[in-house]
Every structure is written in structure tokens, then in C-alpha cells.
Number of protein chains: 2
Amino acid sequence: MPDSGKEITIYDIAEKLKVSAATVSRALKDHPRVNKNTKKKIIKAAEEMGYRSNSFASNLRRKNSNIIGVIVPRLNSSFMSDVIAGIEKVVNDNNYNLIISQSLETMKKEISNARAMLNNRVDGLLVSLAYDTTSIEHFEPFIKRNIPVLFFDRIFEHEQYPQIYIDNFKAAYEVTKHLLEQGCKRIVHITGNQLRNVYAERLRGYKKALEEHQIDFDGQLVIINDLSAKEAAVAAETILQMDPLPDGIFTVNDVSAVSCIQVLKKAGIKIPEQIAVAGFNNDPAACVIEPNLTTVNYKGYEMGEVAANMLINHLANRQDLQQTHSLILRSELIIRESSRRK
Amino acid sequence: MPDSGKEITIYDIAEKLKVSAATVSRALKDHPRVNKNTKKKIIKAAEEMGYRSNSFASNLRRKNSNIIGVIVPRLNSSFMSDVIAGIEKVVNDNNYNLIISQSLETMKKEISNARAMLNNRVDGLLVSLAYDTTSIEHFEPFIKRNIPVLFFDRIFEHEQYPQIYIDNFKAAYEVTKHLLEQGCKRIVHITGNQLRNVYAERLRGYKKALEEHQIDFDGQLVIINDLSAKEAAVAAETILQMDPLPDGIFTVNDVSAVSCIQVLKKAGIKIPEQIAVAGFNNDPAACVIEPNLTTVNYKGYEMGEVAANMLINHLANRQDLQQTHSLILRSELIIRESSRRK
DNA sequence: AAAATTTATGCAATCGATTGCATAAATTTA
DNA sequence: TAAATTTATGCAATCGATTGCATAAATTTT
């Protein structure tokens, strides 16, 4: 039974076994230069005495932490919690630890989170940017110290920072093209802050599809908001006031799409007959709303796994981050009833 | 511009300013026994030189980590990601850091997570138990070391561990009572592993309500599964085979309820007329499914905040954990169309 | 049997911040 | 002006694990 009074250290084990602390240290990490029997004895004693390695002492000496930091806008979105789950899985399987913080969509908090991560001497950082982040200076101290910073999903184009994302341009292009092919002529696009690649790229894709179908881009049809359910409901009311009514809506997330559909249905609009709707993300709710929502499937869990693997492989020197600077994951358009007009 | 070669320490600052490291250390944490001007100079120099405190050294010396550990079954459920978001908020506002890991619903992983948390010398631990955890021995090392462990939601009754949860018995009782009042006589109950308080208590509440309405408990009507959408669909098929058909379903999570409703509707069952349905959690999908789902609202974000606050207050000696051993949060029945028969 | 090599262990410095105790300097009180 | 007090700073030990270098012991080679 371990003594509850005081934490056991390698010195305690050393003393008990009449060996040096150095030998204990080596034995516990299976260093080849320790006699098999000694090793066995030490491991047994450590077990019996309830020894737990002090990672602070170890990290201090070794100058690395085995900690991966994660900064995301919010933890409680369907997509992000999938990403985090994927990251956690990989990180944990590789004997790293995970420190997580959320920027709550503000650059200010993101900066303070980054400082904390630096103090905690993370070995690497995974970041998805806040809604209003305009610069990434706050990650420079990491680069200076040679700590890899990897952006995912909400990225920032920059030589120094590898990135993982999907082809938002293409995905949005395909969504819009699909809507056009269903006969839509006036498609409202609900999107977020154009600072963020994901939203800017999707707008580009939307425009490109219109262009190919010889439809003039109409700025009036683009609504920019914070992508919450609440704002989407407001947007839907705006849409109801439009004259003529649009015949399609492409929102950049499913939360907005669902919220819109609910308002429009309540107003007596037939979906997809009068207005076809498509979202983005394939949230669970996409298969619950009636009609089921056409959307872009985009596996968060997988993105988390890939991002974490890439970082850890790099840390283990198994992979050069600069070499695989950008990684583009697959996404797919899923057509459901909310946009299908035959 | 900070030198990129080497990490700046208090010794570097001390040398540059011709003071001792002790003074630098004190100045940086605003110790009263340092001259104002000296302080100012030191803080300025630290800033200029790009000094970042090494938390390992500091933690090693101070013997605490400012880290809160969290172990949950899964990160990617609507409820749990809300809880985590709440925890992160409070933890971050109090200058603690958050280490998170998921047990993936197995006791084995939970044990290994607990070991890692111990090595990381967390100051306190927040835990929601895995599906199949039968013993909590693996948390004893924390108690021995006087590290508080607090259970939330999926708790384990034990003197040493304070806990935060909702009154599952009462909530389930009210749900069932409500269904009975809508005229239901044969209510199927879909629930999870009875090892877990949340599910056992809800079954108790279900039984209690039946009893009060002089309806005999029928074991055939209780379905135990893993509460996934998939298993719920299977359960719904089973229900469709029942003869006579039940006239009510009470599932212990909304994911199951939604999945059931979808299957039942497809089979032509009218909800709530033929079968009234109620869930638990008030997931976002509850307001998306048609008919909208009657459920128990149960604020995850708040539970996370409360749990983290309780732990941190205790760590700051502002509160004795033993004193507030159990904290029961409020939950409320939300009646929607899926069960309303007038 | 001596020399060379291999194996096993220990010594002691190091990582960087903290803090009890001592002391010097400045200020107040008698 | 001397004594007492307050303020400011430094010394040096400490937290626990790691690791380069040295050395002793065992084994192999000549």
C-alpha cells in the first residue's frame, strides 16, 4: 500500500533498492544499459510503492512536454466536437496529452489562449481560427521556437503554417451547380465573415457556378451573418420579404439551413418546390428536418485524426511538415429532398 | 526582437538588469516586496526579451499544476460538448488549463486515462463515467494524494467523491406521468446500462409513475441497448412487432427518440395519436423532428460551469467539497407535440 | 594470463522557478 | 543622533528526472 503522506520519487526507490537514482530512471524507461534483473526489481518496487513519474521534472529536463495544444472557436458544435474526438483519439494513442481551449470566436481570446499554450510548452499546436481573426502574429512565437502550428478547417494562407482543409470552392461550386440544375435561377447565399477562408472560398464557388450558368451575380442575394440559428431565422424573414422570392438558398452551415427551412415552412413556403435549400456539414439534424437536407458531407472526426497524425508524425521526425504543406480532404455533396425537384 | 535560438529565462533577465533571479521571479508575479521601479524595469525587459514563464519549472517547485483534468465517455455528443464548453470557460477564466480525454465508454480506457492524469499531476479531476465502469478503484490514487475528484452526470455513489447531477428519478417520473396523463397505458422504456445511475434512476422513476397509476410494470416493455441511433432503429422495429402495439415510448436520450420516431413514421404510425414519444436531453434535433419532441431539458453548459466552479473553489480553499457533497441541478420537462394529445 | 571489449552502475550537473532566511539600505521613531 | 522598523534585494537550497562522462566489473579475445 503506497504511503499517502508523500509522493514517491525515483530517489525513494533507489534508496530502498540500494542503487542510484540514475539506474532507477534508466530502468523505468527500459534503457538497454541496465541489467535485466535490476530492471525487474526496480519495476516491481515502483509498482509496489505506488510510484508515479513526475512529468514536470521530466519535461523540464527533457525540454519537451508531450502535450499537443488545440485552439478552436467553439467546442460545442457538432462538427467541432467530432474533430476534437478524432484528435483526442490519435493524441491519446500516441501517448501525448491534449490541452484544449476555445477562442469563443474572438481574436482577443485566441491571442490569450495562444500565450497560455506557449507557457505550457506545448510540443505542437492545432488551430482553427476565430471568426474575426485578422492576423496570425500571435502564432509567430511558436514558429520562432520551432514549435509546429497546424491550421485546420479555418485556415490562414501562410508559408510557415501547414494546413488541412477541404476544397471549399469546389464543394460550394457543386452545391450551387446542383441547385441550378434543379432549375433555380435566384439563389440566396447565406454565409459568414469573408475573412475566413471557408466562407470566402464558398462564395467564390457559388459565383463560379452562377457564371457558368450565365446568371449575373447579385450582391443583394448574399447575406452575411454569424451563422447562428437565430440569425438564420432573421435571414429567412428577410428572404420572405424579397420580391420576387428567390427559388433557392445555399447556406454555409446546416444549423442555418435547418433554421431557415423551419421559418419558411411556417410561412407556407413549399420546399423544395418553391425554394430549394442546401446546407453544409451534414450535421445530424440534416437527416431529421423534413424535407431532409441536401448538404456537403465533410468528416470532422477524420479531419481531427488526420491533423493530429500529421503533427505527431512530424514531431517524431517521421514526416516533414513543409513537404506536405497543404492537405486537402475529400468532401461530397449529398443530395436529399430539400433540393430535389426531379 | 527576441532571439530565436534559445528560450529566455529569469536568469537572462536578471543578468541583463544586474539583479538576482529571485527579484525577477518576485517582480514577475507582483510580489509586494519588490520596488516599484525595479518591477517596472523587469516587466519591460521580460516583454522585450520575449520571456515566457516555464510552467514545468514553476509547477515542479510549487507542487501544483494549475491543470484540471476531464475524463468523459465521448466528446462528440451534443450534451457532452456543451458540458465541456462550460468547463473550459470557467477553467480558462480562472487561469487553469484543461486536459481532456475520452474513455470511449470503456472502463479499460478510463483507467488508462486516469493514470495519465495522475502523471500529469492534475490539481483536480472531473469525471463522467464510462458505460461499463463497475468500480472506481482507479480514482483512489487521487483521493490518497488529496486530489479532488468530482463526478458529474454519470456518477458513482461514494462518500469520498462529490457529485453533480440532476434528479433523474424525478425527471423520469414526470415524463412517464405526463405520458400516462395523455392516456398512455403501455409505455415502452428504452434505456441504457443499469450500472449507470442516470439510467437506473430513470427506470425507477418510470416504475414509480406506473405504480401510481395502477399499471403493472411489464419487463417486456423495457429495452436496454447502447442508446445509439442504430440500436434505437432496431428497437423501433421490435416495437412494431409488438402485439398489441404500445401507445407510448419513453427513451432516455433524444438520439434514440428521434431515430424511433423516424422508423415509426415510415411504418405509418401516427405520432402522438397512436404512439406518444418522449426523450431526454433536449438535443437540438428535438426541435427539428416532426412532431417536435417532448423531452427533459437539462443544461449541459451549466452543469460544466457548475462542476468546474465547484472544483476550482475548492482548490482555492474557498469551499469545502465535503460540505457540498452532492449538488442536484434543475431539469425541466418540456412538452411538445410528440406526446401532446390534448 | 594479459589485453581488449562489453556490460552495468554511479556521480554530479542540469533543466528554470520559487522561497525561507539573511542582510543591506532606507526610513521612521525615540 | 542612535535605535528600531520597514523596505528591497540576494543567497542558496529545493522540486524530481535525465544524461554525459567516468569507472568498476564481467566477459571475450589474443
Any side-chain heavy-atom pair of B:E157 and B:Q163 under 4.5 Å: yes
In terms of side-chain geometry, is the basic nitrogen of A:K16 or A:D12 positioned less than 4.0 Å from the acidic oxygen of its partner? no
Counting the atoms with a prime plus P, OP1 and OP2 as sugar-phosphate, which does B:V24 contact under 4.0 Å by heavy atoms, base, sugar-phosphate, or nothing? nothing
Canonical and wobble pairing (Watson-Crick, G-U, under 3.5 Å) of DNA chain C, dot-bracket with |: ||||||||||||||||||||||||||||||
Side-chain N or O of A:T38 versus OP1/OP2 of C:dA8: is the shortest distance under 4.0 Å? no
Take nucleotides 12-18 of chain D nucleotide by nucleotide from the 5' end and write B, S or -, depending on whether a protein heavy atom sits under 4.0 Å from the base, only from the sugar-phosphate, or from neither. -BBBBBB
I need the CG-P distance between A:N37 and C:dT7, as an integer number of Å. 16 Å
Rounded interatomic separation in angstrom, taking CZ from A:R33 and C1' from D:dC21: 13 Å
Position toward the 5' end of DNA chain D (nearest nucleotide), B:V19 or A:T23: B:V19
What residue among B:K40, B:K36, B:K39 forms salt bridge (charged side-chain N to carboxylate O under 4.0 Å, His left out) with B:D30? B:K39
d(NE2, A:H31; P, C:dT6) in whole Å: 17 Å
Could you check whether atom CZ of A:R115 has more than 12 heavy atoms from other residues, nucleotides or ligands sitting under 6.0 Å from it? no
For B:F156 and B:F151, take the angle between the two ring planes, folded into 0 to 90°, and tell me which bin it lands in: parallel under 30, tilted 30 to 60, perpendicular over 60. tilted
Does any non-hydrogen side-chain atom of A:Y96 lie less than 4.5 Å from one of A:I67? no
Indicate yes or no: at least one non-hydrogen side-chain atom of A:L315 is less than 4.5 angstrom from one of A:I68. yes
Identify whether any heavy atom of B:K39 sits under 4.0 Å from a base atom; if not, whether one sits that close to sugar-phosphate; answer base, sugar-phosphate or nothing. nothing
Angle class for the B:Y161/B:H158 ring planes (parallel below 30°, perpendicular above 60°, tilted otherwise)? perpendicular
